[in-house]
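Reading through the structure tokens given below for one structure.
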Amino acid sequence: AMNINFFKHPKTLFITSALWLFALSSTCVSQTIDFSESWTAYQTMKAKAQSKPMTWDRLPDWSGVWTGSPDYLPYYRLDKDGTLMVRVSPKNTTETSKIAAPLSPEYQAKAIKVLQDRSKGIDWDYVSNCIPAGFPRWVASGYLKEFALTPKMVWMRNEEQSEVRRVYMDGREHTPRDEAYPLFEGDSVGFWDRDTLVVHTVDNKAGTWDRSGAAYSDQVNTIERIRRISDSIIEDQMTIYDKLSLTKPWNLTVHFKKVTEPADLRIRMFSCNENNNVVQDATGNTRHVLPGEAGYKDPKLIAQPAQNSTR
């Protein structure tokens, strides 16, 4: 166990911190994403916005607890000839969920491979390893969500992995390119167009939309127009740009539905790793490590504070 007296020596702490930051920076490659197309569209929207600077008394009411759903995504299956098809069912309540995304040939092949593996019993999703869903998958997560609005900043929280998106509304631009690197929630700036929050997000990590195979690259960037359209629904109209995974920009509409029961529902801190015994085996499949097996993590022991630290 680490002796906490270590932190009483500023010089040692400074050197250690500098080494840690150097190691971190060496793993964070500068982002080379081209988001000029979406940025031009975003700036055009901003120029046309007919809003005065937002004030506290004019903020829309997005209070309460909300939930998303992967049913707003096109859910892929393999057709009889082995090509991709979209499942259409009563769950698909929006038009954009019934139509396949304009996937590039490379990303169509990736999705087909995932579904082929699944038909053989090989199934893996990185969120099973306690990795955050990340953005843009964030919007389709079925976990609880809440929104904290201020005139110059908006926080959007997903209960899954306690993921928080931060939208800066104070006039700043994106992180300079020589300082930017892929992030789980990306780098977001925005503005208010009356009661609509307009958000531009870049610098995302590569990920998948859900478990049905479709993926996006770390070049993905988005524009969102988010607005409460009824007492029970906040609508997110997205345009997704990704020159690697898409052949053209893709429009997607997602709804967040208000949760009213129980009335005192709270979002809690979610530490997935505390009780996670899911691993990816040598075949790429999901495996649950059971009590008594090698590698099993006993949540009762993980939750206990260290007893041998000195103060």
State plainly whether the residues [X] and [Y] are in salt-bridge range, i.e. N to O under 4.0 Å.
X    : Y    : result
D281 : R287 : no
K205 : D218 : no
D195 : R228 : no
D242 : K248 : no
D187 : R166 : no

Taking atom types as modelled, find out whether [X] and [Y] have a side-chain donor-acceptor pair closer than 3.5 angstrom.
X    : Y    : answer
S38  : H200 : yes
Q108 : E106 : no
T283 : N285 : no

Checklist entry - Can you name the ring-ring contact (aromatic ring centres under 6.0 Å, His included) partners of Y75, sequence neighbours left out? => result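 Scan of Y75 (ring-ring contact (aromatic ring centres under 6.0 Å, His included), adjacent residues dropped) gives none.
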
Item to check | side-chain contact (heavy atoms from CB on, under 4.5 Å) against N251, all qualifying residues, sequence neighbours excluded | outcome: T239

Item to check | Over-ring placement of R165 relative to W155, 6.0 Å and 45° cut-offs | outcome: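 Relative to the ring axis of W155, which defines the angle, R165 lies outside at least one limit.
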
Checklist entry - When D193 is tested against each of K46, R225, K48 for salt bridge (charged side-chain N to carboxylate O under 4.0 Å, His left out), which residue passes? => result R225

Item to check | Parallel, tilted or perpendicular: ring planes of F35 versus W39, cut at 30 and 60 degrees | outcome: perpendicular

Next on the checklist: Parallel, tilted or perpendicular: which one describes the rings of F256 and F147, with boundaries at 30° and 60°?
Outcome noted: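 Rings of F256 and F147: tilted, 30 to 60°.
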
Checklist entry - salt bridge (Lys or Arg N to Asp or Glu O under 4.0 Å): which pairs involve residues 132-161, sequence neighbours left out? => result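 Checked against salt bridge (Lys or Arg N to Asp or Glu O under 4.0 Å) - neighbours excluded - the pairs reaching residues 132-161 are D125-R137, E146-R157.
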
